[in-house]
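What you are looking at is a predicted structure, and each value in this text was computed from that prediction instead of being measured. Position 1 is the first residue of the sequence, and the numbers go up from there.
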Amino acid sequence: MRITHDNARSNLTEPLLNGETGYKFKGKRESLYSKATLLDLVTFSWLNPLFVMGKEKPLEQDEIPDVDVKDSAAFLSHCFNENLKQAKEEEGITNSTSVYKAIFQLAWKRAAVNALFAVISAFSSYVGPYLINDFVVFLSDKKHSSLKTGYLLALGFLGAKVVETISQRQWIFGARQLGLQLRNALITQIYQKGLVLSCQAKQSHTSGEIINYMSVDVQRIADFAWHVNTIWMLPVQVSLAIYVLHTSLGLGSFAGLAATLVVMSCNIPLTKTQKKYQLKIMDAKDARMKATSEILFNIKSIKLQAWDNQFLHKLESLPNIESSCIWKSLRLGAVGAFIFWGSPTFISIITFGACLLMGIPLTAGSVLSALATFRMLQDPIYSLPDLLIVVAQAKVSADRVSSYLQGEEIQQAAIEFVSKDKTPYAIDLKGGKFSWDPTSGTSTLDKINLQVTRGMKVAICGTVGSGKSSLLSGLIGEIPKISGTVKISGSKAYVPQTPWILSGNIKENILFGNHYDAAKYDRTVKACALLKDFELFPQGDLTDIGERGINMSGGQKQRIQIARAVYQDADIYLFDDPFSAVDAHTGTHLFQECLMEVLRDKTIFYVTHQVEFLPAADLILVMQDGRIAEAGSFKELLKQNIGFEVLVRAHSQALESVLTVEGASDRTQSPLPQDGHSSAEQIQTRDEEEDNLFPEMKEKEGRLIQDEERKIGSIGKEVYWAYLTTVKHGILIPVILLAQSSFQVLQIASNYWMAWACPTTGDATPIAEMDYVLLVYALLSIVSSLFVLVRASVSAYAGLSTAQKLFENMLRSVFRAPMSFFDSTPTGRILNRASSDQSVLLDLEMAQRLFLAAFSMIQLLGTIAVMSQVAWEVFLIFIPVTVICIWYKQYYIPTARELARLSEIQKSPILHHFGESLSGAATIRAFDHKERFINANLVLVDGYSRAWFHNVSAMEWLSFRLNQLSNLVFAFSLVLLVSLPDGIINPSIAGLAVTYGINLNVMQASLIWNICNVENKMISVERVLQYTELNSEAPLIIDNCRPPKNWPTTGITTFQNLKIRYAEHLPSVLKNITCTLPGKKKIGVVGRTGSGKSTLIQALFRIVEPTEGSIIIDDVDICKIGLHDLRSRLSIIPQDPTMFDGTVRINLDPLQQHSDNDIWEALDKCQLGDLVRAKEGRLESTVVENGENWSVGQRQLFCLGRALLKHSSVLVLDEATASVDSATDGVIQKIINQEFREQTIVTIAHRIHTVVDSDLVLVLSDGRIAEYDSPSKLLEREDSFFSRLVREYSTRSQTFNNSAKLEG
């Protein structure tokens, strides 16, 4: 089956990630490669139009042509899927063999063509050494030979070189292309697998690890496609070498073969050890990436809690583990380099020594032919350890990817879909038993029986951790089913408890891939109370949302995802506690307008902790310990009097507290204003701040997340200088260059000695005894090899130390960056630098490329020196050819550099989109949008492939031209040597010049290639350096201005003329806030959208700095002390609970300052003690990434536990009990009042009863203080904002209470 590019991209006009990817289509870009003629393919001239464009101006992503259809992600993904399916059928199950088979099936045809070119290249490369002896004989006996023979020999040399260079370019290009195909196929597979991974599999493959599979492991498998040709080239090269040696040295060649095999076998133990190190290195990489992604994900909490140093030290220690393994690996590599550079010496000494013992005469011709052959043998000997390391790396990576691809998937058959005409039930669940961990033998849900007819409203309630969310997961097939049947009739929409928001704009999030219907859209946003928000946002519903909705409040995110579900127009709706993040009025609005009006004909399941929403349900399920403890209508449940009344009683007590305060104000109840403004506009206390939109958003027309910054033009000298001088101010660089130069000089000296000392013919008398000649040669060669060992060790140390230093600098800079940086920078972008760019540094790719460029230059100068000594006329052509080479390089660089930059930039969207898809996989599956997201991934992969493919092709374009120019210099040199009269040159030295000249094309191309590669790789250094120079927050500690150790003691907080704006040219968000929060009192903060509540809290923690005015806590101006001193002395329980991968102990006490007794006490107080005791590990019980194995309510309780342990004098509660039921909320409020009665408590809350018992209430409006007094005083004023708020809540709740009494 053939997939066309158009089919693969049929869905790309759908709204998804336009703002985030920067990938916009401007018509069809044709593939230059697919239209190329045979001559174009050989010479790479099909790239000429791209070079013309790149020379005129810096290339943009839209201007890069498409890849060929057969290289597209869609085509390769389809092929791989088909191959995997076939392999599975043959194997019976999915195992690593079937994954390997699928890879083999995909790659073998292209690999076979590459192998053919590689073998042709190997054959033709040995023609030169084979002809050298004849050439020296011809030069020695020029009088008796015709010039025609000389010219034919020169033609033979040149013809072989042309064939070698053409076939070499083709196999290298083919290997790159094959690598691209493997990478595209595997990345799409990894993405598709991520969308169907089971909960258990996700715990063993965290998002950080999966990102490593995508960015590091897949690249290593792709690199193997390049090295695999060495496998067929090795035997060919060794066989040809022995044949050439046999023609010139006879039986001595077998000594050479034995020595070659000894050298090769030395590499085998080295490689085995290397493989062990590679496994450790990859594990260390995983740990580093996992920790980095988790910390970036929770950076706001880390800053608020003043854990910066703790987590920074944790991250800094992880690369040390990685580096120690890499350093061991590099030391082995240095030994490998010593073997490589010393192998020609060792083999030649053994071979020539054997010839002496056997009495085989050594002539200049035979020695030079042998030396040329040994130099050619150096390549396979060098390739072998390289190959073995790459094989080890690829095997480790392939096993990791294979293990991931075999991971357990969501049970596709867990749910049976039934057509509407065959059943009256929307949901039919019989004997349901479910478990998040089926292997443990314990069930999460048991004995679940449920039949729900179409159009029913089903409410689910219960205490924290009773199984409410798990029940919804069971209905959409997310939780593994152990037994029972689940039948669903109709389409479904799911709203998770933790909002899942995509980067992009609000409208795209609501449409979620559906076509825009104006009437339906307007009805949806009105029902979800979003119109007021749209008025506040700079671009309305086209306003960009930050990563994970970071610039939206909890309530806004919740309403956007509810709107997404409503717009889907599904048959069955599953809402997981949608009202917890919104205030009382908005909750009522959503319930009435969304659930009871727009969705009135739909089947709805809604989890809620707010008891007032229960009477409207047709069926209420009360969950307890994973079972449906009670089921029935509100009236029936009140009559049963089993446990349901506990929840109702808790709600009634909360209401009584409000009514008591209301009654205390001694006034008659006024009717609610009927002007339509009170409910819709005035009574809104959502913590949904317009001021959360950071300056980037307001400045740049609603775009919070900008396209990734990209430097244009050549890489500045300061980048090279910074890289070279990072370690010991660059003092090691001259040492490395001196060692390599010494090696080169001694190598040339040893070869020169052999050529000069050996006779030109067997009859001539040698200048010295052959054993003496050989001894001098051996000494020179051994000393030269020792210089290599010095160079390899020092360069490994310098490269690794530089990588570590740059990583530390980047890490510290990112950690110290203000929150506005994280709000406007996707995590994927930072992770790309910490993973791909850092790998270029840590794996020493950068150091190797840089030093190789320098070594190539030294080698080339040595070769030219030898050739020019024989015939200076070589310079007549070498100089103009070098000028042409430099011109080609200058022509190539502008295009290649931008292609390299674009390919790096295009990696981030793949990782970012993948991260978002992983976190929202349940929603994507519930909405049946897998295909659309897979298509989006294909687009992003192709976007990266286009830049990468044309970048490597451009390198081949340059290399081909440089190779042919080198061949021209070599041909000219040969013709010159043939044409010069007899006696002018020494035939032996002329032969030496040819020996070096054979490799001229390789050296010259290698030099330019390495210089270009250095520039491409230096982009990674440039990108890392960009992140070492970020704007920083205020200092963590200011030594001469530290607060007293017991500060703050009473928590008196004074705001004096406080003004806050997010940028100089923007209006103030907080305007002249002047008030005092008395110490040891409870202060409630309320206000409508955009009033400045969140900004006030952010100012208290200096997440944003005051423009004017001051904040003084207990006589200390907080702007004059260090951030650590401030944040570590205050406590906050945030709206979004944060938990880290690790244990219960580490999550409660990350700084490890408290005893076990203190921790248990805190756990008991926050209602988690019994739960943790019941777990096998107790305090060492596992907490997985983001705390996914704990309910949202339990995570919120953990945050309360942290605050109890910290016990600061000032505690901020930012909607801290939103995700718990009324009964638990009541208990928590009691604990807070009891434990923090001597503290200042600042509360932002949606539940009125949590604010109504405050000592003071601060009402904000439009960044100013509207009201500030005790609740009773505010309630005395009928027109006060607070009065309206309480009236709204009590009216709604009393209606519920009355119905409860009637039905009771």
Could you grab the distance from atom CG of Asn114 to atom CH2 of Trp108, nearest 0.5 Å is fine?
13.0 Å

Ser945: what forms a side-chain hydrogen bond (donor to acceptor under 3.5 Å, both in side chains) with it, not counting sequence neighbours?
Asn184

Answer yes or no: is there a donor N or O on one side and an acceptor on the other, between the side chain of Tyr404 and the main chain of Ile190, under 3.5 Å?
yes

For Tyr892 and Ala954, which heavy atoms make the closest approach, and how far apart are they?
CE1-O, 3.3 Å

Would you check if the side chain of Gln237 reaches a backbone N or O of Thr230 as a donor-acceptor pair within less than 3.5 Å?
no

With sequence neighbours left out, write down each residue that passes salt bridge (charged side-chain N to carboxylate O under 4.0 Å, His left out) with Lys395, or none if nothing qualifies.
Asp399

Under 3.5 Å donor-acceptor, Glu956 side chain and Ile172 backbone:
no

Under the side-chain hydrogen bond (donor to acceptor under 3.5 Å, both in side chains) test, which residues partner Tyr213, sequence neighbours left out?
His205

side-chain contact (heavy atoms from CB on, under 4.5 Å) for Trp171 and Met233? Distances and angles first, verdict last.
CA-CA 12 Å; Trp171 84 252; Met233 287 172 73; 4.1 Å; yes

Shortest non-hydrogen contact from Glu60 to Leu902?
C-CD1, 3.9 Å

Carefully, step by step, assess Trp948 and Arg183 under the rule side-chain contact (heavy atoms from CB on, under 4.5 Å).
CA-CA 11 Å; Trp948 187 90; Arg183 189 172 59 231; 3.1 Å; yes

Using only heavy-atom distances, determine whether the side chains of Gln406 and Ser402 contain a donor-acceptor pair under 3.5 Å.
yes

Considering only heavy atoms from C-beta outward, does the side chain of Leu50 approach that of Leu59 to under 4.5 Å?
yes

Is the backbone of Phe117 close enough, under 3.5 Å, to the side chain of Ser121 for a donor and an acceptor to pair up by distance?
no

Please list, chain by chain and in numerical order, all residues satisfying side-chain hydrogen bond (donor to acceptor under 3.5 Å, both in side chains) with Ser397, sequence neighbours excluded.
Asp217

Pair Gln189-Val99, side-chain contact (heavy atoms from CB on, under 4.5 Å): steps then yes or no:
CA-CA 11 Å; Gln189 282 300 308; Val99 176; over 6 Å; no

Using side-chain heavy atoms (C-beta onward) and a distance below 4.5 Å, is Thr188 in contact with Phe80?
no

Can you tell if the side chain of Arg897 reaches within under 4.5 Å of the side chain of Arg901, non-hydrogen atoms only?
yes

Verdict with supporting geometry, Ser125 and Gln168, side chain to side chain donor-acceptor pair (under 3.5 Å):
CA-CA 10 Å; Ser125 68; Gln168 187 182 42; over 6 Å; no

Taking the side chain from His78 and the backbone from Ala74, do they hold a donor-acceptor pair closer than 3.5 Å?
no

Pairwise salt bridge (charged side-chain N to carboxylate O under 4.0 Å, His left out) hits with a residue in residues 32-52, at least two apart:
Glu30-Lys35

Closest heavy-atom pair, Ala971 versus Leu158, reported as atoms and distance to 0.1 Å, is CB-CD1, 3.7 Å

Is there a donor-acceptor contact under 3.5 Å from the side chain of Asp942 to the main chain of Ala73?
yes

For Ser253 versus Leu245, what's the shortest heavy-atom pair and its separation?
CB-CB, 3.5 Å

Between Arg110 and Leu178, is there a donor-acceptor pair closer than 3.5 Å when you use the side chain of the first and the backbone of the second?
no

Which atoms form the tightest heavy-atom contact between Ala947 and Gln61, and what is the distance?
CB-OE1, 4.3 Å

Taking it one step at a time, do Leu974 and Phe970 satisfy side-chain contact (heavy atoms from CB on, under 4.5 Å)?
CA-CA 6 Å; Leu974 289 169; Phe970 185 48; 3.8 Å; yes

If we count only N and O atoms by modelled type, under 3.5 Å, do the side chains of Asn967 and Gln964 hold a donor and an acceptor together?
yes

Just jot down the side-chain hydrogen bond (donor to acceptor under 3.5 Å, both in side chains) partners of Thr43, sequence neighbours excluded, or say none.
Ser45

CZ of Phe157 to CG of Leu131, rounded to nearest 0.5 Å, is 5.0 Å

Could you check whether any side-chain N or O of Asn951 sits under 3.5 Å from a backbone N or O of Leu899, counting only pairs where one atom can act as donor and the other as acceptor?
no

Checking ring pair (Phe, Tyr, Trp, His ring centres under 6.0 Å) against Tyr33, which of Trp957, Phe44, Phe949 comes through?
Phe949

Between the side chains of Asp223 and Gln219, does any donor sit under 3.5 Å from an acceptor?
yes

To the nearest 0.5 Å, atom CG of Leu962 lies from atom OH of Tyr888 at 8.5 Å

Can you check whether Cys79's main-chain N or O pairs, donor with acceptor, with Asn83's side chain at less than 3.5 Å?
yes

